[in-house]
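To start, the structure under review is shown below, and the notes come after it.
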Amino acid sequence: MRVLCTAWAWPTHVNQMIPLAWALRAAGHQVGIAVPPPIRDEAAGSGLPVTAVGTDAGSLARFQALVAGEHTGPAGPPGVPRSVEIFSGLADAMADDLLAHARGWRPDVIISDPSAYAGMLVGAALGVPVLRHPWFADVMGFLSVKEAVRAAELAALTPIADRLGAGSFELLGTATIDPCPPSMRLPVPGRRQPIRYVPYHGVHTGDVPKSLLRKGKRPRVCLTWGTTVGRIDPARVPLARLAAALASAGMEPVVAVAADQAGLLGPMPGGVVVAESVRLSELLASCDVVVGHGGAGTIMSGLLNGLPQLAVPLLPDHRFNTGRLVASGAGLSIEAPEATGDAVLDAVRELLEDGAYRARAGELAAEIEAQPSPAEVAAGFAGLVLDQEPLVVS
């Protein structure tokens, strides 16, 4: 089969699909990736063929405005998140070019980031199945089944669909490839193929220092704010002050940061280790607790290693992810304005001293490991696409 993977212009949204894309290629399928130009090179680092389509439509500026409260359009109906407006604008900027590419490449199926509405619209225009690939709990599907959100999505996307000649379209796709641990899944209708979370941190990552491959003598706490927050607003990356608070209490803070954002940290106190652009899931193997921003990759990498976590969310999806983490019993959360050094230290101590958090994280790690591997999903891929019986109905 010919499989086309697509996402809008944010590296983590295409990186989540790479393990399955490679498994499909290894199984003999032809796999291509189509993304906007700003992340073309990042996607190409996977070694898979990549085509640049459309533009990024100022995605960074849109999210900076969202965080700052400077919205890009009039307020929508009650209960409709700003993400509908933002993601619809991103779809508008890449849909025509994506369709033109797909018509020439002739995919049998499209695998789409659920927030890349263009993937669903192009699939409808071509009459080919679309498989959604969420990055964690299926927040896009959970929102889309709400009446007000669905109405807003249809209103925003129907003009684009008409332009593409798509006619009717389904934002829940043909099926959903779901990496979320089963007990953390959301009640989203439709066919659902579980898949084991296999980390892929992108091409710009390196080896974990040898000193961090084994457990330390002190409680080791990994602090990471991913890459998104630093891009949107560097002032909201509190790693230095939180690391100082943990170090002063006799813990071993390890700050994981992208090399191109290391300059945001400022002077670091003694006793703090800075790990630049390392593979987070490997670094966490020797840690005891994770403190992060609620990003999907951080939460999933922490759960994969059976670690309790503290999240300090910024963006709406970070808040949603954090809510799922806390509800699971594997972590705690603190709102950013209250995330002082003392508050974070108290939360970390609770996560270390109350064994229930680690026990629950260990249960979730076992759930992840029990899911079908990308290779197993690839082996049954034709049946999934051809609408045979679903493995899971949620």
Side-chain angles (χ1 to χ4, degrees), residues 7-16 38-39 42 56 58-71 81-83 86-87 90 115 135-136 139 199 201-202 204-205 221-246 253-266 268 272 274-278 280-281 283-284 289-302 309-326 331-341 343-344 347:
W8 57 277
W10 213 258
T12 50
H13 284 239
V14 69
N15 286 348
Q16 50 146 346
I39 64 168
E42 175 77 19
D56 75 339
S59 55
L60 177 58
R62 290 171 185 261
F63 284 99
Q64 287 173 328
L66 177 67
V67 169
E70 301 164 356
H71 302 303
R82 289 281 178 178
S83 61
I86 292 174
F87 293 139
L90 300 179
S115 60
W135 47 89
F136 177 43
V139 57
H201 301 300
H204 303 298
T205 53
V221 182
C222 177
L223 299 103
T224 178
W225 250 243
T227 58
T228 293
V229 178
R231 291 182 65 191
I232 291 174
D233 185 355
R236 296 177 185 261
V237 179
L239 292 172
R241 62 179 176 82
L242 298 186
L246 295 172
V254 177
V255 175
V257 63
D260 61 356
Q261 294 188 11
L264 303 177
L265 297 178
M268 294 299 254
V272 177
V274 177
E276 295 186 15
S277 291
V278 299
L280 182 64
S281 57
L283 173 64
L284 295 182
V289 172
V290 184
V291 178
H293 63 302
T298 299
I299 289 179
M300 287 294 283
S301 292
Q309 302 179 52
L310 171 66
V312 184
L314 174 64
L315 290 171
D317 66 309
H318 299 161
R319 292 181 179 280
F320 194 91
N321 299 340
T322 296
R324 300 306 295 167
L325 172 69
V326 173
L332 298 170
S333 69
I334 301 177
E335 290 296 317
E338 285 77 51
T340 62
V344 168

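For the atom pair N321 CG and H293 NE2, the distance stands at 8.5 Å (nearest 0.5 Å). For the atom pair OG1 (T228) and CG (D317), the distance works out to 8.0 Å, reported to the nearest 0.5 Å. Between the CG atom of L60 and the CH2 atom of W10 there is a distance of 5.0 Å, given to the nearest 0.5 Å. With values rounded to the nearest 0.5 angstrom, L242 atom CG is found 5.5 Å from W225 atom CH2. Here the straight-line distance linking atom CG of L325 with atom NE2 of H318 works out to 13.0 Å at 0.5 Å rounding. Distance check, rounded to the nearest 0.5 Å: CG of L284 to SG of C222 gives 5.0 Å.
A search for side-chain contact (heavy atoms from CB on, under 4.5 Å) contacts involving A259 returns E276, S277, not counting sequence neighbours. Under the rule for a side-chain hydrogen bond (donor to acceptor under 3.5 Å, both in side chains), T224 has no partner lying at least two apart in sequence or in another chain. Residues satisfying the side-chain contact (heavy atoms from CB on, under 4.5 Å) test with S333, not counting sequence neighbours, are T322, V326. Evaluation of the salt bridge (charged side-chain N to carboxylate O under 4.0 Å, His left out) rule for R241 yields no partner, not counting sequence neighbours. With sequence neighbours excluded, the residues satisfying side-chain hydrogen bond (donor to acceptor under 3.5 Å, both in side chains) with S281 are H201. Listed by chain and residue number, R236 satisfy the salt bridge (charged side-chain N to carboxylate O under 4.0 Å, His left out) test with D233 (two or more places apart in sequence, or in another chain). A search for side-chain hydrogen bond (donor to acceptor under 3.5 Å, both in side chains) contacts involving E335 returns R319, not counting sequence neighbours. Take Q309 and apply the side-chain hydrogen bond (donor to acceptor under 3.5 Å, both in side chains) test, not counting sequence neighbours, and it matches no residue. With sequence neighbours left out, the side-chain contact (heavy atoms from CB on, under 4.5 Å) criterion links A245 to no other residue. When the ring-ring contact (aromatic ring centres under 6.0 Å, His included) test is applied to W135, the partners found at least two apart in sequence or on another chain are H13. Residues that satisfy the ring-ring contact (aromatic ring centres under 6.0 Å, His included) test with F136, not counting sequence neighbours, are absent from this structure. In this view, A240 and M268 satisfy the side-chain contact (heavy atoms from CB on, under 4.5 Å) rule, not counting sequence neighbours.
Taking every heavy atom of both residues into account, I334 and P313 meet most closely at O-CD, 3.7 Å. The heavy-atom pair separating P253 from L246 by the smallest distance is CG-CB, 3.8 Å. Closest approach of S59 and L90 over heavy atoms only: CB-CD2, 3.8 Å.
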(request) Evaluate the side-chain contact (heavy atoms from CB on, under 4.5 Å) criterion for residues R324 and V139: first the C-alpha distance (whole Å), next the side-chain angles of each, then the deciding distance (0.1 Å), finally the verdict. (result) CA-CA 10 Å; R324 300 306 295 167; V139 57; over 6 Å; no
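Using cut-offs of 30° and 60° on the angle between ring planes, the pair F87 and F63 is tilted.
The shortest side-chain heavy-atom distance between V290 and S301 does not fall under the 4.5 Å cut-off.
None of L239, V289, V257 except one satisfies the side chain to side chain contact (heavy atoms under 4.5 Å, CB included) rule with L223; the exception is L239.
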